[in-house]
Protein chains: 4
Amino acid sequence: MSDAVQPDPSRLDPTMQAEIEALRAQTGETRRATVAAMEDILHRPFPVLDHGFVRVVDYMGDDGAVVQAARVSYGRGTKQVREDRGLIRYLMRHRHTTPFEMCEIKFHVKLPIFVARQWIRHRTANVNEYSARYSVMDREFYIPAPEHLAAQSSDNRQGRGTVLEGAEAAEVLDILRGDAVRCHANYEHMLGTDDDARLGLARELARMNLTLNTYTQWYWKTDLHNLMHFLSLRADSHAQFEIRVYAEVMLDLMARWVPVIHEAFRDYRMGGLHLSRPALSVVRRALAGEAVTQADSGLSPREWRELWAALDLPMPE
Amino acid sequence: MSDAVQPDPSRLDPTMQAEIEALRAQTGETRRATVAAMEDILHRPFPVLDHGFVRVVDYMGDDGAVVQAARVSYGRGTKQVREDRGLIRYLMRHRHTTPFEMCEIKFHVKLPIFVARQWIRHRTANVNEYSARYSVMDREFYIPAPEHLAAQSSDNRQGRGTVLEGAEAAEVLDILRGDAVRCHANYEHMLGTDDDARLGLARELARMNLTLNTYTQWYWKTDLHNLMHFLSLRADSHAQFEIRVYAEVMLDLMARWVPVIHEAFRDYRMGGLHLSRPALSVVRRALAGEAVTQADSGLSPREWRELWAALDLPMPE
Amino acid sequence: MSDAVQPDPSRLDPTMQAEIEALRAQTGETRRATVAAMEDILHRPFPVLDHGFVRVVDYMGDDGAVVQAARVSYGRGTKQVREDRGLIRYLMRHRHTTPFEMCEIKFHVKLPIFVARQWIRHRTANVNEYSARYSVMDREFYIPAPEHLAAQSSDNRQGRGTVLEGAEAAEVLDILRGDAVRCHANYEHMLGTDDDARLGLARELARMNLTLNTYTQWYWKTDLHNLMHFLSLRADSHAQFEIRVYAEVMLDLMARWVPVIHEAFRDYRMGGLHLSRPALSVVRRALAGEAVTQADSGLSPREWRELWAALDLPMPE
Amino acid sequence: MSDAVQPDPSRLDPTMQAEIEALRAQTGETRRATVAAMEDILHRPFPVLDHGFVRVVDYMGDDGAVVQAARVSYGRGTKQVREDRGLIRYLMRHRHTTPFEMCEIKFHVKLPIFVARQWIRHRTANVNEYSARYSVMDREFYIPAPEHLAAQSSDNRQGRGTVLEGAEAAEVLDILRGDAVRCHANYEHMLGTDDDARLGLARELARMNLTLNTYTQWYWKTDLHNLMHFLSLRADSHAQFEIRVYAEVMLDLMARWVPVIHEAFRDYRMGGLHLSRPALSVVRRALAGEAVTQADSGLSPREWRELWAALDLPMPE
């Protein structure tokens, strides 16, 4: 858990802040597993991007709940803390996934629509999104910070290259801001919610005029196994920056919630490397002292490069 | 919620009772939604059948959590109690299911294997079952009470008819008890856990000798929408008695947990009737004063009988 | 199956038409169940909205496959055609859903992004969407036909009211067209794919400038049970027009594919009415000759109105 | 695909063989993707264990269907065979899973109940099982071959150790056979389907007397992504022998169906090794020439042993 990641109520307007603090003031006694570090931050927004946030709205279970379910036990399921840690690490290492489904977490997230479109592809979650058929969308758009205004990568069809600067950067920002503002103003005009109430177009139609960087929000609830799957893909360096920053905050929240599982997750799932059958053969031969070359490795030139890069070692001559 | 359904710690042996009471003694303060009626019974077993039970191990959310998610709100989401109730009933009536996915519940259940085989067909739940590869199965079997010893129905291929009595009933009970006991004794003998340690067969093999009325147990976690789907099928009069009794206890537990949702569920989902297109046409014509007959109803004789039975009215001549 | 719904190759440009016809020219012999009415239209696009389409790319199973699975049979599973029809109707009437999961269908769909956002909420399907991280989005937007340019409903928070006309309609269409065109031109300008290659912004960023009526496309595959669930919600009069037109074409395609199941679906699922417990009580009393009033009905005024409207009968005084 | 794995009609009785051959004789012309190697074996049973089988009942798609969906293309989607193969291997290597969901397969499987209980835990499949509420279960049980009659492993809580022999083996086989036969005879006696029709117990009750090695059967349908997930867990050396033999036959069937995907699956998923973060660090240091010891490796003694065993190299001193 990084010190830098802290809730910041000022991300919300005073009315919402007041609602959240009123909710936080209501406490009750419970016989359920309770995690002090989660209670500390419950309901409060963690800022992400220029207008987005993630806040934990509810949680079920803790490190012990996984142990309890794995043992199908009557009480807490814990033996010694040390044994519990060993069991959790064993389950993670050997991909016994069902006990991790026994913890559940619910977030309230505010995010740009184009990020929401990626996120929703994770199907094993429960979602309630703010409806633009019922309600009017706020006038809030994601405009990248200048340091994230990257050019198309020249060697990766879906990646980013160098950062745009100067006049180019300014032009892009002007376009993004200008189009979003104009489209939203026209959206309100068509709805008749500006000074001119003439048009009154149906909300479900008017929304089609909004740009994809408009912010939406949803309640998103998932179990810990599926959360880890989401984080392993989205807190990864290959993920698009705009979704990765959400995943990084959620990874930090996971560390507060289930610290032992979080540690095992980082050791066995996030920080590791999957060797394919031919790559494993190369590593084995090299460790046995053989001078392996790409030509006799069974790997394509691309896989050969990827292997040594992943090992963070110089490519053999 | 019926008064008859109460937890009964004596269903468990003293060690387990002690574990549960120790767990109940640990309370904490929380900012999450808390339901007093659930806290009252948390962890305690509700007896089902001769050796089974259901106990609530954890829960997330309450009636208000559904309202909160439906409104994607910042605070509790509640307006007036009356408005919240109206919204919940509206959502239930119009099959807006996603807000009900925002509540979650976790049960510990002990049940016969043949019941577990029906239950597991509900796929949208998380399950950790006691493993007969790791552990030895207890010597506990389901033997029906005499009043549930029904003959095969003569007019329903999957139903029950009249109750067996006298010598027939006695013979059936003797067989069920005898075979279960003998198979379990031989299971232990093959494992080498009886006086004779000679055989020592692998647990994963020896278990195949057990009968399907042997009790197993699992942790079962699901969201409220899927729980209601389970209950609408399994607390129904067409469900097999041995799974229905579990569903009935869970329906009662649902009433303690989310009373407003439970009421709406009973009004709009459980107690209602789905009219097919042709059946709707019959009802419409009859309400308009027409004397409809089976012959001109568009219904098969079977559907015609089913309709009037479902309406609880005498079949028109 | 309506005569009006026919494939129309001219919806695609000549290159794509040629690809599709080349694919159609490749036929093979198979021992799998084959449906002639599906082979007739396989791969060809059915137009929807102004630029969208639905086309069937593959299918698995037919009416008989449901019978075969319900009977867990070795051969085709069919007895008499009449008996098979009876079984299918029985399964549909009694909500035995798993046999309907044994048929599978795969569509290629082109649709506006705001429609895709509704559609994707059906989670039990497989989806591959055209990626705006890899590829450039075409310059195609949904612009409603004048007769679908509806005002916000005054009595339904999510519905449509009367149609806009004259100057108001013209103004809305101008806005929608103008903003979509400008945003897309700026999108291409930021990408550097217009005459000015200076900017070269990453595709994953530039896409955020597009409006929600931009067309996307995907492969969407689902089983027949989940297709029927989708159709029961989206081919319904409460669904937004822009998704309903897709569902209506798919319902027609379903009639070609599995005609007996389609008929049962229309009788028992689409054309019927679910009576709540209190509504059932009203119907029962009225059929028994009682003069029921709203005041003693147990229904709210709104539910009372909804009931008689659904029955298509005048509300009793 | 191994030559040893061949369909064997004699696994079924002559009536079923005839039904299958009648089905195979019905061929049709189709515009769908067709795989000759699948047509060859369609419907025919591949024997597994003493009475079980797996047979392919239907399939959708081929290697090309994955390429087609990944490209969201209009025609077959294929470019050069070589490029298609490269794309498939890229998708597999980088865990792009959704295109593999675009192929679907349906099996008819006969298997012991205790194997079915493991299998059903894979939730993302469609299943229709033979119902013991409707029908009478056949008198067929799994009795292990003598060479699979293993003792409990002494160092693995869920594994098998040495094989039982001589008198011990004979005693186990006698028990398994004797109990299964007696329980089934009593099952039929309670049903009244033997010479004595007196009892007539309901089928849904009588079935509880059966042992867990009784054979059941089901239709099981899944997409290729989930099939590969199933195979990676169940065709693995840690899986119980009695489910692994089914997975091995299905892996062979997969090789006939989608040979290019099968090859990629074996290279990148089945034959590889996942290195945890600390294990990756050990490998990196060793490859760089450092003499790493367990003490300074960051691995527990157990993980240290597992690493060198997985690398198939002697443990460093």
Side-chain angles (χ1 to χ4, degrees), chain A residues 112-114 116-118 120-121 123-125 127 129 131-135 141-142 144 148-153 157-161 164 167-168 171-172 175-176 178-180 182-183 186-187 189-192 198-214 240-242, chain C residues 112-114 116-118 120-121 123-125 127 129 131-135 141-142 144 148-153 157-161 164 167-168 171-172 175-176 178-180 182-183 186-187 189-192 198-214 240-242:
Chain A
I113 290 174
F114 73 94
R117 297 229 309 132
Q118 283 198 328
I120 199 76
R121 298 304 319 280
R123 287 162 290 185
T124 42
V127 187
E129 186 172 353
S131 169
R133 291 184 77 192
Y134 286 88
S135 312
F141 328 104
Y142 167 60
H148 297 125
L149 219 54
Q152 179 64 34
S153 165
R157 276 187 62 75
Q158 72 170 318
R160 296 187 183 184
L164 298 190
E168 282 75 20
E171 186 176 349
V172 165
I175 290 173
L176 291 175
D179 280 351
R182 183 186 311 103
C183 285
N186 277 331
Y187 163 72
H189 180 63
M190 290 189 289
L191 289 174
R198 238 172 353 108
L199 297 180
L201 187 66
R203 280 187 288 273
E204 67 178 28
L205 284 171
R207 62 171 163 173
M208 80 174 77
N209 204 58
L210 297 171
T211 49
L212 282 163
N213 57 350
T214 308
Q240 179 165 351
F241 169 78
E242 281 77 16
Chain C
I113 290 174
F114 73 95
R117 299 228 308 133
Q118 283 197 328
I120 199 77
R121 297 305 319 280
R123 287 162 289 185
T124 41
V127 187
E129 186 173 353
S131 169
R133 292 183 77 193
Y134 286 88
S135 312
F141 328 104
Y142 168 60
H148 298 125
L149 220 53
Q152 179 64 36
S153 165
R157 277 188 59 74
Q158 70 170 320
R160 296 187 184 184
L164 298 188
E168 282 74 21
E171 185 176 350
V172 164
I175 289 173
L176 291 175
D179 280 353
R182 185 186 310 101
C183 284
N186 276 331
Y187 163 71
H189 180 63
M190 290 190 288
L191 288 175
R198 240 175 348 110
L199 297 180
L201 188 66
R203 280 186 289 273
E204 67 178 29
L205 284 170
R207 61 170 165 174
M208 79 174 78
N209 203 59
L210 297 171
T211 49
L212 282 163
N213 56 351
T214 308
Q240 178 165 352
F241 168 78
E242 280 78 16

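Proteins get letters first, then strands, A, B, ... in listed order; numbering begins at 1 in each. Keep in mind it's a predicted model, so treat the numbers as computed, not measured.
Looking at heavy atoms from C-beta onward, Arg198(C) lies in side-chain contact with Glu171(A) at the 4.5 angstrom threshold. With contacts defined as side-chain heavy-atom distances shorter than 4.5 Å, the pair Leu212(A)/Leu212(C) qualifies.
Contacts of Thr214(C) classified as side-chain hydrogen bond (donor to acceptor under 3.5 Å, both in side chains), with partners at least two apart in sequence or in another chain: none. Under the side-chain hydrogen bond (donor to acceptor under 3.5 Å, both in side chains) criterion, Asn209(A) pairs with Asp179(C), not counting sequence neighbours.
Here CD of Gln118(C) is found 5.5 Å from CZ of Arg133(A). Values are rounded to the nearest 0.5 Å. The structure places CD1 of Ile113(C) at 9.5 Å from CD1 of Ile113(A), a figure rounded to the nearest 0.5 Å. We find the CG-OH distance between Leu176(C) and Tyr187(A) to be 12.5 Å, quoted to the nearest 0.5 Å.
In this structure, chain C has a heavy atom under 4.5 Å from the side chain of His189(A), while its backbone stays farther away. Contacts between Phe141(A) and chain C at a heavy-atom distance below 4.5 Å are absent for every atom of the residue. When heavy atoms are compared at a cutoff of 4.5 Å, Leu149(A) approaches chain C by way of both its backbone and its side chain. Contacts between Ile175(A) and chain C at a heavy-atom distance below 4.5 Å involve backbone atoms as well as side-chain atoms.
In this structure, the side chain of Glu168(A) does not engage the main chain of Leu199(C) through any donor-acceptor pair within 3.5 Å. In terms of modelled atom types and a separation under 3.5 Å, the side chain of Glu204(A) and the main chain of Gln240(C) share no donor-acceptor contact. Not a single donor-acceptor pair under 3.5 Å links the side chain of Gln152(A) to the backbone N or O of Leu201(C).
Look at Glu129(A) and Arg117(C) and you find a salt bridge, because one of the NZ, NE, NH1 or NH2 atoms lies within 4.0 Å of a carboxylate O, short of that distance.
The two residues Cys183(A) and Cys183(C) come nearest to each other via the heavy atoms SG-SG, 3.5 Å. A pairwise comparison of heavy atoms in Ala125(C) and Arg123(A) identifies O-NH1, 2.9 Å as the closest pair.
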Exercise for the section: Please assess Leu205(C) against Glu242(A) for the test side chain to side chain contact (heavy atoms under 4.5 Å, CB included), listing each intermediate value before the final yes or no. Expected result: CA-CA 9 Å; Leu205(C) 284 170; Glu242(A) 281 77 16; 3.3 Å; yes

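Ranking Arg203(A), Met190(A), Arg207(A) against chain C, the residue ahead of the rest is Arg203(A), based on heavy-atom pairs under 4.5 Å. Comparing Ile120(C), Asn186(C), Leu164(C), Thr124(C) by how many heavy-atom pairs each has under 4.5 Å with chain A, the most go to Asn186(C).
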